[in-house]
Amino acid sequence: MRSFWTKWLAAGLMALAVGAVHAQAASDTANPAPGAVTNPAINPPQPLANVASQNIFDVPPRDLAAEARKQKQRSVVQPGNNAPVWREVNSDQRHYSSLPDPEAGVLIQRTGQKWRMFRNGVITVYGGWLLVGVAVAILGFFLWRGMIPLKTPRTGRMIERFTPMERMVHWTMAISFVALAVSGIIMMFGKFFLLPLLGHTLFGWLTYLLKNIHNIVGPLFTLSIIVGFVMFVKDNLPRAVDWQWVRSFGGLASGRHVPSHRFNAGEKLWFWGGLVVFGIIVSISGWVLDMIVPGMDYFRGTMQVANIVHAIAATIMMAMAFGHIYMGTIGMEGAYRAMRDGWVDEAWAKEHHELWYDDIKSGKIPVQRSRAGTATPPVSAPRPSGRG
């Protein structure tokens, strides 16, 4: 019994103590001691204490009739001031439209102006100067070095470098690429150098024609890239000897011979960087712009992004192609004939692709890879080195 009353007494004393503490706290709050208000240990700062949050559902309803009356009054006081209407049109808000297009209700897309400025500013200016700079650099190199000739006389013994099928795929890829590059350059930069010469009417018809050629040839170029990749990927795999070619830049400046297999490191960089990477990017973005990707929603924002990606990748690809075209035509003796006829002289093979030539001489690679009767080596009597 004594234990029971002892517990009750202890509980009562505890309640009295807690009450006294709360009373003292309330008294301190009502009558703070000097300096207690500014003491950060007692009253830490509350920078957002007086900020009341807004209920997101507490949005005042719009009185469209009142807005219409105000606009009518404005037209009397300020004739021609149609700012509220255009502000509404330029708000990116979707309004009602009877047209079936999902974006028909948005009359003006504000991001379209940003796309136009980036395309006509950054891409057109810097991309144009990139192409001009590369072309000038190649011209300067040619004037300094000229066509790289063979150092040894031709033997008259021919080696098949490209089969008829490989040449057909290459020329399909090359011709379609040139058609796309020329039409793309005129559509992107033609207003700066062709429009003043042709006038608006003729230039408009020209770009309209080139636009359709561009759209039709694009898928053919993509198909040629896929077939070309399957044909040439085996001989374009990186090897340890390629690093030696990269370090000396193929001996183009020094004239020193750098051994390589069927394709050197420069050709492999063009294959993987130009054709595979940028070729795929250009193709995919081009298919989006052609609107031939099944199951895709072609919104304005999607088309603008695809246009930017397509323009940047195509510009870089064209800059890389300038070097490839130069070396395959006037930059190196015998390079164009290799792709035109499919055959090269033994002297050319040994001088430019010595490791490939060694594999042929050892029997690892046949001298003629195409089926007999489908390709005939051109007549080439032994003669001193020269152009051609």
**Student:** Hey, are Arg157 and Glu346 close enough for a salt bridge, meaning a charged N less than 4.0 Å from a carboxylate O?
**Tutor:** yes
**Student:** On a heavy-atom basis, which atom in Met327 and which in Ile148 lie closest, and how many Å separate them?
**Tutor:** CE-CD1, 4.3 Å
**Student:** At their closest point, which heavy atom of Glu160 faces which heavy atom of Trp343, and how far apart are they?
**Tutor:** N-CE3, 3.2 Å
**Student:** Is any side-chain heavy atom of Phe263 less than 4.5 Å from a side-chain heavy atom of Phe271?
**Tutor:** no
**Student:** How are the rings of His352 and Trp348 set to each other: parallel, tilted or perpendicular (split at 30° and 60°)?
**Tutor:** tilted
**Student:** At what distance, to the nearest 0.5 angstrom, does CG of Asp235 lie from CH2 of Trp356?
**Tutor:** 9.5 Å
**Student:** Under 4.0 Å between a Lys/Arg side-chain N and an Asp/Glu carboxylate O for Asp345 and Arg154?
**Tutor:** no
**Student:** Quick one: pull up CE in Met158 and CG in Asp341 and give me the separation to the nearest 0.5 Å.
**Tutor:** 7.5 Å
**Student:** How are the rings of Phe221 and Phe177 set relative to one another: parallel (under 30°), tilted (30 to 60°) or perpendicular (over 60°)?
**Tutor:** tilted
**Student:** Would you sort out whether Trp144 and Phe141 count as a ring-ring contact (aromatic ring centres under 6.0 Å, His included), showing the intermediate values?
**Tutor:** CA-CA 5 Å; Trp144 169 60; Phe141 181 81; 5.7 Å; yes
**Student:** Can you check side chain to side chain contact (heavy atoms under 4.5 Å, CB included) on Met173 and His170, steps first, answer last?
**Tutor:** CA-CA 5 Å; Met173 189 186 311; His170 175 271; 5.7 Å; no
**Student:** Using a 6.0 Å cut-off, check whether atom CE of Met165 has over 12 heavy atoms from anything other than its own residue.
**Tutor:** no
**Student:** Please examine the side chains of Leu206 and Leu198, heavy atoms only from C-beta on, and report whether any two atoms are closer than 4.5 Å.
**Tutor:** yes
**Student:** Of Arg262, Lys268, Arg247, which meets salt bridge (charged side-chain N to carboxylate O under 4.0 Å, His left out) against Asp242?
**Tutor:** Lys268
**Student:** Is any side-chain heavy atom of Arg337 closer than 4.5 Å to one of Arg340?
**Tutor:** yes
**Student:** Would you give the length of the straight line joining atom NE2 of His261 to atom CD of Glu267, rounded to the nearest 0.5 angstrom?
**Tutor:** 13.0 Å
**Student:** Looking at CD1 of Ile213 and OG of Ser176, how far apart are the two atoms once the value is rounded to the nearest 0.5 Å?
**Tutor:** 13.0 Å
**Student:** Closest heavy-atom contact between Leu269 and Met320?
**Tutor:** O-CE, 4.0 Å
**Student:** Measuring from Thr315:OG1 to Phe278:CZ, what's the distance to the nearest 0.5 Å?
**Tutor:** 10.0 Å
**Student:** How far does CD1 of Ile308 sit from CZ of Phe118, to the nearest 0.5 angstrom?
**Tutor:** 5.5 Å
